[in-house]
Amino acid sequence: MINDVRRIIVNAVKRLGIEAPFVEFEIPREEKFGDLATPVAMPLSKQLKRPPRSIAEDIVKLIGKEGPFEKIEIAGPGFINITFKGEYLCSELKGLLSKKEGYFRQDLGNGRRIQIEFVSANPTGPLHLGHGKGAAVGAALSNLLTAGGYRVEKEYYINDAGRQVRMLGLSVFARYQQLLGIEYPFPEDGYRGDYIEDIARKIIELHGNRYSEMGFQEAGVFFIDFSYKAMLSDIDRDLKDFGIIFDSWQSERDLYARSEVEKAINDLRSRGCLYEENGALWFRSTDFGDDKDRVIIKGDGEFTYFASDIAYHRMKVERGFDEIVDIWGADHHGYIPRVRAVIQALGHPAEHLKVLLVQMVTLLRGGKPVQMSKRAGEFVTLKEVIEEVGADTTKFIFLTRRPDSHLEFDLEVAKEQSSENPVFYVQYANARINSIFANAREKGIEAGEFEGIDFNLLSTPEELRIIKKLLAYTMTFEGAVIAHEPHRITFYLQELAGLFHPYYNRCRVITDDKELSRARLALCEAIRVVLKDGLSILGIKAPERM
RNA sequence: GCCCCCUUAGCUCAGUAGGAUAGAGCACAGGUUUCCUAAACCUGGGGCCGCAUGUUCGAAUCAUGCAGGGGGCACCA
């Protein structure tokens with residue numbers, strides 16, 4: 001629908017003798033303004049130094065009788081408001097039914113390759129709720145961009161080198177000794193969760209007291225490896241239970257093993273971006289807008305984490321992605337300038353890397369915050385929440401907000417099976433449609449074929465409103481892809497369900513009038529197509545029955 | 001001290017490449033079921049878009065300042 005209109009408008013603008021800008025569309029707030037509006041004349045006003053209304057008039061004049069428009073008029077400061085012919089809406093609806101999701105798919109990515117890195121939680125503890133939000137957002141964004149014509153790769157970066165996993169190993173080692181009745185000091189900033197003891201117990205199960213006589217010096221390699229691998233497999237399982245599959249897992253150790261860190265440093269050195277000072281090796285990130293320069297190799301010869309991050313991001317750009325997306329917790333925002341500096345130092349534009357920050361989640365139970373203390377190792381894990389409210393609900397709630405705004409997650413509301421719970425509201429619309437079709441089959445109305453249906457029978461205000469909403473899905477989809485914002489789909493689905501339920505209540509689909517019933521069934525089918533598509537982008541099931 | 005994010009209805013939040021009289025859900029008040037799932041629907045009240053100045057024909061949206069909330073500053077990870 002929009003593409004037809006866009007073509008017509010672009011042609012008209014060109015005949016004014018100027019380049020057409022990207023033509024935006026919106027659904028007018030009030031129905032009396034028509035079905036579709038574009039403010040395209042307004043930005044042209046500056047360029048042409050003429051009032052927007054007069055430009056809009058010219059555009060409308062140039063369009064003339066072209067296009068499937070019942071009415072096309074100028075309103076407000078210079079909007080061009082369009083009302084479609086009924087028959088056009090019918091034929092578009094027919095197109096949606098025959099092409100299904102192909103109707104609103106657009107190739108916006110043009111096959112461009114894009115890597116999305118997300119979750120990437122340290123393998124030093126179980127995934128908590130915040131990781132879950134990153135996971136839901138990352139997976140939905142991947143689905144969205146794939147549907148929008150990008151070639152997407154989802155990657156998880158494993159911090160399996162350095163101090164953190166070492167601390168994990170030491171924590172487990174301490175618990176191991178203690179479980180065997182040997183006094184052993186627990187490290188000051190060690191990991192205190194119960195899972196540490198679980199791992200230690202597992203080691204005893206498999207290897208008994210073989211390591212009890214050793215110091216951490218000697219047993220460390222084993223404890224570190226065993227522990228982080230155990231954590232990683234828990235993480236992997238939690239993600240799978242959450243319905244999230246990665247295409248690749250990049251290990252930090254692997255970057256060292258393959259000399260990628262060394263290569264990256266040499267690369268930066270040859271570009272003149274490094275210098276030595278006080279016995280340390282620095283990256284001059286201030287050349288690219290960072291607050292201060294950053295250390296890559298410390299005075300004691302150790303690499304900082306930033307060193308492997310440089311290697312990692314260098315590898316990302318070398319692998320030829322057209323765009324790189326990193327999804328991070330908001331507490332890492334201070335890291336953006338230095339990583340961006342790396343991208344630029346390597347000769348790529350800063351926009352090549354897009355960092356999406358995911359804000360925190362506050363867990364509520366019955367309106368009251370659930371206390372979490374990271375120090376004591378007490379936090380609510382993703383796994384616990386999935387077990388309590390289900391993976392689909394959890395994902396949907398994560399996607400009902402912009403990722404960069406705080407989210408309040410109320411467990412009681414999430415479990416509610418009523419319209420108070422937006423997930424149920426949307427899924428129930430789909431289930432309800434299925435049950436209408438079941439009913440139709442019982443009454444002997446063939447619902448499978450939509451040939452020869454008289455769509456003009458769909459003439460109530462509710463029906464027209466729904467048809468227009470369905471056709472507008474293309475716009476929502478397009479906007480979501482361009483902005484990289486899956487939550488727009490979530491909002492759309494809630495609105496669509498919000499049109500369907502009242503319609504269901506007001507108009508019977510299956511009546512004695514067979515032709516009318518078939519037309520209404522077709523409308524329901526179209527709603528189902530869109531609901532299913534939207535939900536699948538969000539990574540959420542569309543249950544047939546609830 | 002410096003940097004980033006947030007501030008929109010009682011609550012939770014949409015809306016920001018500037019555009020029409022600022023929206024939704026929940027909560028609140030009242031109503032609806034001989035009918036495909038009442039797990040639903042209808043009606044209603046509700047706003048200094050944190051404050052101030054500026055840019056503009058036009059600002060919730062842009063700029064500057066201030067206030068409040070959150071996060072971050074390292075040869076930590």
Side-chain angles (χ1 to χ4, degrees), chain A residues 21-22 24 26 28-30 32-33 37 39 41-43 45-46 51-53 75-79 81 122 124 159 161-167 189 277-282 290-306 309 329-337 357 359-360 362 364 367 400-402 404-410 413 416-422 424-425 427-429 431-440 442-443 445 482-483 487-488 490-492 494-495 497-498 500-511 517 520-521 524 545-546:
Chain A
F22 180 73
E24 286 180 81
E26 57 186 67
R29 192 169 26 248
E30 307 233 4
K32 66 177 181 212
F33 292 137
M42 293 192 262
S45 159
K46 281 207 176 83
R53 283 193 69 111
F79 282 101
N81 289 342
N122 281 339
T124 52
N159 286 106
R163 240 183 75 88
Q164 305 256 27
V165 283
R166 190 181 162 76
M167 184 54 74
D189 40 2
E277 195 175 281
N278 300 330
L281 185 65
W282 297 71
D290 196 6
D291 289 347
K292 51 186 86 166
D293 292 340
R294 307 292 173 176
V295 170
I296 300 176
I297 302 177
K298 297 189 268 180
D300 62 7
E302 292 264 315
F303 290 98
T304 61
Y305 264 58
F306 186 44
D309 284 337
D331 52 341
H332 286 74
H333 79 262
Y335 220 73
I336 298 174
L357 294 178
Q359 273 288 359
M360 305 180 59
T362 308
L364 305 174
T400 52
R401 300 278 182 276
R402 304 170 47 116
D404 59 348
S405 72
H406 285 261
L407 170 75
E408 295 206 340
F409 189 124
D410 195 313
V413 173
E416 195 88 36
Q417 308 214 345
S418 73
S419 62
E420 280 177 45
N421 180 348
F424 270 83
Y425 194 66
Q427 288 185 322
Y428 179 44
R432 206 169 220 185
I433 289 171
N434 277 309
S435 110
I436 295 171
F437 273 90
N439 192 273
E442 265 174 44
K443 297 244 165 73
I445 301 170
I482 291 172
H487 75 271
R488 297 189 188 199
T490 321
F491 278 89
Y492 173 91
Q494 292 182 74
E495 287 162 11
F500 169 70
H501 288 300
Y503 170 64
Y504 168 89
N505 225 263
R506 191 167 286 214
C507 303
R508 280 194 65 82
V509 174
I510 316 266
T511 62
S517 301
R520 288 185 171 167
L521 279 169
C524 287
R545 194 180 296 271
M546 289 172 72

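Chain naming here is simple, since letters A, B, ... match the order of the sequence lines and numbering starts at 1 in each.
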Hey, does A:N81 reach any base, or is it just sugar-phosphate, or nothing, if we go heavy atoms under 4.0 Å?
base

With heavy atoms under 4.0 Å as the rule, sort A:G162 into base, sugar-phosphate or nothing.
nothing

Could you measure between the two P atoms, the one in B:C49 and the one in B:C66, and give it in whole Å?
22 Å

Tell me the partner of B:C41, counting only Watson-Crick (N1-N3 plus N6-O4 or O6-N4) or G-U wobble (N1-O2 and O6-N3) with both under 3.5 Å; none if nothing fits.
B:G31

5'-most contact on RNA chain B: A:D291 or A:R294, nearest heavy atom basis?
A:D291

Quick check: any donor-acceptor pair below 3.5 Å linking the side-chain of A:R402 to the base of B:U16?
yes

Option passing side-chain contact (heavy atoms from CB on, under 4.5 Å) with A:L521 (candidates A:N439, A:I433, A:I510)
A:I510

G-U wobble or Watson-Crick pairing nucleotide for B:C26 (cut-off 3.5 Å, both distances):
B:G10

Every protein N/O lying under 3.5 Å from an N/O of nucleotides 27-30 of chain B:
| residue | atom | partner | partner atom | Å |
| --- | --- | --- | --- | --- |
| B:A27 | OP1 | A:E420 | OE2 | 3.1 |

Between A:Y335 and A:H332, how do the two ring planes meet: parallel, tilted or perpendicular, split at 30° and 60°?
perpendicular

Taking all non-hydrogen atoms of both residues, which atom of A:P39 and which atom of A:F79 are closest, and how far apart?
CB-CE2, 3.9 Å

Check the distance between B:G70's P and A:R401's CZ and give it to me in whole angstrom.
20 Å

Stacking between B:A24 and A:F491, yes or no? Criterion: centroid separation under 5.5 angstrom, plane angle under 30 degrees.
no

Of all the choices, B:A40, B:A20, B:A14, which nucleotide is nearest to the side chain of A:S405 once you look at every atom?
B:A14

Answer for the Watson-Crick or wobble partner of B:C57, both distances under 3.5 Å, is B:G19

Can you check the distance between B:C3 and B:A24, where both ends of the measurement are the C1' atom (answer in whole Å)?
35 Å

Separation between the P atoms of B:A9 and B:A52, rounded to whole Å
16 Å

Can you tell me how far C1' in B:G18 sits from the matching atom in B:C13, rounded to whole Å?
23 Å

Touch check for A:C507, heavy atoms < 4.0 angstrom, all strands: base, sugar-phosphate only, or nothing?
base

SB check A:R163 A:D189 (cutoff 4.0 Å)
yes

Nearest heavy atoms of A:Y425 and A:G498, plus distance in Å
OH-CA, 3.4 Å

Just checking A:A37: base, sugar-phosphate only, or nothing, at a heavy-atom cut-off of under 4.0 Å?
base

Take the protein atom CZ of A:R488 and the nucleotide atom P of B:G15, then report the distance between them rounded to whole Å.
7 Å

Nearest-nucleotide pick for A:W282, side chain only, options being B:G72, B:A40, B:C75:
B:C75

Could you check which nucleotide pairs with B:G1 in any of the strands shown, counting Watson-Crick or G-U wobble with both distances under 3.5 Å?
B:C73

Suppose we define a pair by two distances each less than 3.5 Å, Watson-Crick or G-U wobble; what does B:A52 pair with here?
B:U64

If you compare every side-chain N and O of A:Y425 against the phosphate oxygens of B:C41 (OP1, OP2), does one of them come in below 4.0 Å?
yes

Can you tell me, in whole Å, how much space there is between the C1' of B:A27 and that of B:G44?
14 Å

Of the listed nucleotides B:C73, B:G19, B:G15, the one nearest the side chain of A:K292:
B:C73

Pick base, sugar-phosphate or nothing for A:Q427, based on heavy-atom distances below 4.0 Å to the nucleic acid.
nothing

Would you mind classifying the nucleic acid contact of A:E24 as base, sugar-phosphate or nothing, using non-hydrogen atoms under 4.0 angstrom?
base

Checking all strands, does A:P502 fall into the base, sugar-phosphate, or nothing category for heavy-atom contacts under 4.0 angstrom?
sugar-phosphate

Heavy-atom distance under 4.5 Å between the side chains of A:R520 and A:I436, does that happen here?
no

What integer number of Å spans the P atoms of B:C73 and B:U21?
46 Å

Given B:U12, B:C41, B:A38, the nucleotide with the shortest approach to the side chain of A:R432:
B:A38

Nearest-neighbour nucleotide for the A:H487 side chain, B:C75, B:G15, B:A38 considered:
B:G15

What does A:N278 touch in the nucleic acid at a heavy-atom separation under 4.0 angstrom: a base, only the sugar-phosphate, or nothing?
base

Side chain proximity check, A:L407 to A:Q359, heavy atoms < 4.5 angstrom
no

Distance (rounded to the nearest 0.5 Å) between A:K32 NZ and A:N81 CG:
11.0 Å

Just so I know, are the side chains of A:F424 and A:M546 near enough to count as touching, which here means a heavy-atom distance under 4.5 Å?
yes

What is the distance from CD of A:E408 to P of B:U12, rounded to the nearest Å?
6 Å

If I pick the C1' atom on B:G47 and the same atom on B:U64, what distance separates them, to the nearest angstrom?
26 Å

Mark yes when over 12 heavy atoms from residues, nucleotides or ligands other than A:R166 sit less than 6.0 Å from its CZ; otherwise mark no.
no

Nearest to the side chain of A:I436 - B:G19, B:A14, B:C36?
B:C36

P atoms of B:G54 and B:A14, separation to the nearest Å
31 Å

Is any side-chain N or O of A:K298 closer than 4.0 Å to OP1 or OP2 of B:A74?
no

Do you know the tightest heavy-atom contact between A:P337 and A:D290?
CB-OD1, 3.4 Å

Using a heavy-atom cut-off of 4.0 Å across all strands, would you classify A:E302 as base, sugar-phosphate, or nothing?
nothing

Side chain of A:H333, base of B:G71: donor and acceptor closer than 3.5 Å?
yes

For A:I336 and B:C4, what is the distance between atoms CD1 and P respectively, to the nearest whole Å?
11 Å

Identity of whatever pairs with B:C36 - Watson-Crick or G-U, under 3.5 angstrom:
none

For the residue pair A:N159 / A:Y305, report whether a side-chain donor-acceptor contact shorter than 3.5 Å exists.
no

Return whichever of A:S435 or A:Q359 has its heavy-atom-nearest nucleotide of RNA chain B closer to the 5' end.
A:Q359

Could you check how far CE of A:M42 sits from P of B:A17, rounded to whole Å?
13 Å

Interatomic distance where CZ belongs to A:F500 and P belongs to B:G25 [whole Å]
17 Å

For the pair made of CG in A:L357 and P in B:C3, what is the distance, rounded to whole Å?
18 Å

Please give, in whole Å, the distance from B:U21 C1' to A:F33 CZ?
8 Å

